[in-house]
Amino acid sequence: MHPIRPPAVAGAFYPGRSQTLSHDVLAMLAAAKADAVGTAATPPKALIVPHAGYIYSGATAAQAYAQLASVRQKIRRVVLLGPVHRVPVRGLALPGADYFATPLGEIEIDQVAVAAIRALPQVVVSPAAHAQEHSLEVQLPFLQLALDDFKLLPLAVGDATPAEVAQVLDVLWGGDETLIVISSDLSHFLPYATARTLDRETVQGMLQLQTNLNHQQACGATPVNGLLLAARQHQLQAHLLGLCNSGDTAGDKGRVVGYAALAFTQGESHAH
């Protein structure tokens, strides 16, 4: 009747029991709020967040989602982009579903937003690309607990140019009611010190809105580059909220994965 995309990585990347899940996520959000040094003065238009298991990158993701506290009632649409890890896709893939489910409940897919981008040549429909994809799913419990009532537009991003991604974001840009979330980890499986150096350079590029990241620097380089291009066109400013790697959290330091949280806000010149 209404196709629902069920959770694929509950119990693996994050707790499968709703009670444990909400407890853990709320605790991470509370810790991030208490810890918020890099809070942007204005609420974010867009976020870049990591997508590993919560024990590895949940605290970093929470630093981004904690920025939404003042606008939790205002945001009604979340445009969520993440890279495909299992099923190759040309372009940006819609899920062909009406709802995404997590242990915390169902999130309605924004069909108005789907209709707005459906005709773009780089937009395809691929339930397969979404079925096992964790890069989008791990963001959902954070969104469910950080926001009140919102609809979701999830896109699994494969092979696409920054301009193709930016065009989709532009169509869906909206106003204060629309939040853009890009899911991406940084470097993968490098020694701790090497990763720290490389990830710092990568983040510098992001803060300068450079649109030439490669997949060695960030697994979500394609949607990230698209956001950075759109951020430049819309004159957003980037703020670094958190940067670490799995060696800082729950992994060994021999082979680490990097994580960053960034917020993008309207520049001061647009505040008038």
Side-chain angles (χ1 to χ4, degrees), residues 4-32 47-66 68 78 80-87 89 93 95 97 99-107 109 126-147 152 154-158 181-189 195 199 215 218-224 241-252 255-262:
I4 294 172
R5 188 272 191 196
V9 297
F13 277 67
Y14 61 86
R17 286 183 57 237
S18 62
Q19 216 174 347
T20 315
L21 178 57
S22 60
H23 172 273
D24 288 6
V25 171
L26 289 170
M28 287 189 281
L29 287 169
L47 299 171
I48 293 176
V49 283
H51 57 232
Y54 285 7
I55 60 165
Y56 296 104
S57 68
T60 305
Q63 289 176 292
Y65 289 114
L68 303 175
V78 177
L80 174 61
L81 277 64
V84 289
H85 284 80
R86 293 163 176 266
V87 177
V89 167
Y99 294 88
F100 269 35
T102 79
L104 301 179
E106 293 173 3
I107 306 172
I109 302 302
S126 174
H130 283 270
Q132 297 296 318
E133 184 50 61
H134 68 273
S135 72
L136 303 173
E137 181 181 329
V138 298
Q139 310 305 339
L140 302 179
F142 277 104
L143 289 164
Q144 285 172 298
L145 290 166
L147 298 176
L152 181 71
L155 289 163
V157 182
V181 178
I182 308 292
S183 175
S184 180
D185 293 340
L186 298 179
S187 65
H188 278 55
F189 310 136
D199 291 343
H215 291 98
C219 62
T222 304
V224 168
L241 304 169
L243 175 62
C244 74
N245 64 52
S246 55
D248 297 312
T249 53
D252 71 81
R255 293 168 84 237
V256 305
V257 178
Y259 313 119
L262 288 89

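Residue indices begin at 1 and follow the sequence shown.
Atom CG of Leu81 sits about 5.0 Å away from atom CG of Leu155, to the nearest 0.5 Å. Expressed to the nearest 0.5 Å, how far CZ of Phe100 lies from CG of Leu80 amounts to 8.0 Å. Between the OG atom in Ser246 and the CD1 atom in Ile55 there is a gap of 10.0 Å [rounded to 0.5 Å]. Here Leu104 contributes atom CG and Phe142 contributes atom CZ; the two are 11.0 Å apart, rounded to the nearest 0.5 Å. Of the inter-residue distances, the one linking Leu47 atom CG with Gln139 atom CD reads 9.5 Å to the nearest 0.5 angstrom.
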side-chain hydrogen bond (donor to acceptor under 3.5 Å, both in side chains) between Glu137 and Thr102: does it pass, once the steps are laid out? CA-CA 8 Å; Glu137 181 181 329; Thr102 79; over 6 Å; no
side-chain hydrogen bond (donor to acceptor under 3.5 Å, both in side chains), that's the test. Do Ser135 and His51 meet it? Break it down for me. CA-CA 5 Å; Ser135 72; His51 57 232; 4.6 Å; no
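With a 6.0 Å radius and a threshold of 12 heavy atoms from other residues, nucleotides or ligands, Tyr56 has its OH atom at or below the threshold. For His23, the NE2 atom counts as loosely surrounded, since its 6.0 Å shell holds 12 or fewer non-hydrogen atoms of other residues, nucleotides or ligands.
Across every non-hydrogen atom of Ala64 and Leu241, the tightest pair is CA-CD1, 3.6 Å. For the residue pair Val87 and Ala128, the shortest heavy atom distance occurs at CG2-O, 3.5 Å. The shortest non-hydrogen separation linking Phe13 to Ala52 is CD2-C, 3.8 Å. Closest approach of Ala8 to Ala131, counting heavy atoms only: CB-O, 3.3 Å. Across every non-hydrogen atom of Val84 and Ala129, the tightest pair is CG1-CB, 4.2 Å. Met28 and Gly58 get closest at one heavy-atom pair: SD-C, 3.4 Å.
A donor-acceptor pair under 3.5 Å is absent between the side-chain atoms of Ser187 and the main chain of Asp199, judged by distance alone. Side chain of Ser57 to main chain of Thr60: no donor-acceptor pair is present (N/O by atom type, distance under 3.5 Å, no hydrogens or angles). The main-chain N or O of Gly82 is never found under 3.5 Å from a side-chain atom of Ser183 such that the two would form a donor-acceptor pair. Under a 3.5 Å cut-off, the side chain of Tyr54 and the backbone N or O of Val138 do form a donor-acceptor pair. Of the possible donor and acceptor atoms, none in the side chain of His134 sits under 3.5 Å from a partner among the backbone N and O of Gln132. Looking only at distances, a side-chain donor or acceptor of Ser22 sits under 3.5 Å from a matching main-chain atom of Gln19. In this structure a side-chain-to-backbone donor-acceptor pair under 3.5 Å is missing from Asp24 to Leu21.
Taking the side chain as every heavy atom from C-beta outward, Val181 and Val49 approach each other to under 4.5 Å. Contact annotation: the side chain of Arg5 never approaches that of Pro95 to less than 4.5 Å [non-hydrogen atoms, C-beta and beyond]. Proximity of Tyr259 to Leu186: side-chain heavy atoms (C-beta onward) are nowhere separated by under 4.5 Å. Side-chain contact between Cys244 and Thr249 is present, with at least one heavy-atom pair separated by less than 4.5 Å. For the pair Leu152/Leu136, no side-chain contact is recorded, criterion being any heavy-atom separation below 4.5 Å from C-beta on. Between Leu68 and Leu147, the closest side-chain pair of non-hydrogen atoms falls below 4.5 Å. Looking only at side-chain heavy atoms (C-beta outward), Phe189 and Val256 stay at 4.5 Å or farther from each other. Side-chain contact between Pro223 and Ile182 is present, with at least one heavy-atom pair separated by less than 4.5 Å.
Every residue was checked against the salt bridge (charged side-chain N to carboxylate O under 4.0 Å, His left out) condition with Glu133, not counting sequence neighbours, and none meets it.
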